[in-house]
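All values below come from the heavy atoms of this structure, side chains included, with hydrogens, waters and symmetry mates left out.
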Amino acid sequence: MQALTASWAGWVAAYEQHCKALPGPTHTVCPNCGADELRVMFAGRTERRTGYAAFWCEGCLVGIHLGRCAVPEGAAMESLDTPVEQRAVRVPNYTMLWPDEAE
Ligand SMILES: [Zn+2]
């Protein structure tokens, strides 16, 4: 098991910073391992631009999942109607951090 060094708040702060930079290049560092390898995938109702977000680090495969969120303007998002295997962004099987484990 990967040691979890970052708090939930640290991950949310990184997520917010990452989202602000979208759709441009993002260079937020992973709060867990420090790598510049954070990835986000939004999926939901494209017409409403709401859905969920998977946010993880490709370096250490740790991240968070946000159940209901607004998809930032200009950010790429996947429709829930698109089968997972046909989506542009492949989400790895990463270790999810939850608020109650971190605080
Ligand atoms: Zn990492």
Side-chain angles (χ1 to χ4, degrees):
M1 267 305 263
Q2 175 75 41
L4 302 175
T5 56
S7 67
W8 169 257
W11 274 100
V12 170
Y15 170 79
E16 285 172 354
Q17 199 186 330
H18 191 87
C19 285
K20 261 185 228 157
L22 292 174
T26 55
H27 293 290
T28 314
V29 296
C30 171
N32 193 54
C33 74
D36 181 8
E37 305 258 15
L38 294 173
R39 305 281 182 272
V40 68
M41 194 278 294
F42 296 104
R45 294 287 161 208
T46 51
E47 68 281 6
R48 287 188 230 145
R49 295 201 66 78
T50 56
Y52 70 87
F55 183 61
W56 73 96
C57 170
E58 284 283 335
C60 61
L61 292 178
V62 175
I64 60 174
H65 181 97
L66 298 169
R68 275 184 177 206
C69 65
V71 178
E73 210 55 52
M77 79 179 285
E78 306 282 352
S79 168
L80 290 178
D81 300 327
T82 307
V84 170
E85 60 273 16
Q86 286 172 28
R87 292 180 186 175
V89 180
R90 213 154 286 258
V91 181
N93 195 6
Y94 63 91
T95 302
M96 278 184 207
L97 190 80
W98 300 101
D100 51 339
E101 289 177 26
E103 302 306 316

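Applying the ring pair (Phe, Tyr, Trp, His ring centres under 6.0 Å) definition to pairs two or more places apart or across chains, none involves residues 69-93. Residue pairs satisfying the side chain to side chain donor-acceptor pair (under 3.5 Å) criterion with at least one member in residues 58-78, sequence neighbours excluded, are listed as follows: W56-E58. For residues 81-95, the salt bridge (Lys or Arg N to Asp or Glu O under 4.0 Å) pairs, not counting sequence neighbours, are R45-D81. Within the structure, ring pair (Phe, Tyr, Trp, His ring centres under 6.0 Å) contacts touching residues 14-44 (residues at least two apart or in different chains) are Y15-F55, H18-F55.
The distance from the CG atom of L38 to the SG atom of C33 is 8.0 Å, given to the nearest 0.5 Å. To the nearest 0.5 angstrom, W8 atom CH2 is 7.0 Å from L97 atom CG.
Using a distance-only test at 3.5 Å, with no hydrogens or angles considered, no donor-acceptor pair links the side chain of T95 to the main chain of V62. Side chain of Y52 to main chain of M41: no donor-acceptor pair is present (N/O by atom type, distance under 3.5 Å, no hydrogens or angles).
Residues meeting the side-chain contact (heavy atoms from CB on, under 4.5 Å) test with T46, sequence neighbours left out: M77, S79. By the salt bridge (charged side-chain N to carboxylate O under 4.0 Å, His left out) test, R49 is found to be paired with no residue, residues two or more places apart in sequence or in another chain being considered. Looking at residues two or more places apart in sequence or on another chain, you find a salt bridge (charged side-chain N to carboxylate O under 4.0 Å, His left out) between E37 and R39.
A pairwise comparison of heavy atoms in P72 and L22 identifies CG-CD1, 4.4 Å as the closest pair. Annotation for A54 and V91: closest pair CB-CG1, 4.3 Å, computed over non-hydrogen atoms. Residue A6 comes nearest to P31 through the heavy atom pair CB-O, 3.3 Å, listed as atom of the first residue, atom of the second, then distance.
By the rule that hydrophobic residues join a cluster once side-chain heavy atoms approach within less than 4.5 Å of another member, V29 and W11 end up as members of separate clusters. In the hydrophobic cluster analysis, where Ile, Leu, Val, Met, Phe, Trp and Tyr join through side-chain heavy atoms closer than 4.5 angstrom, L61 is grouped together with W98.
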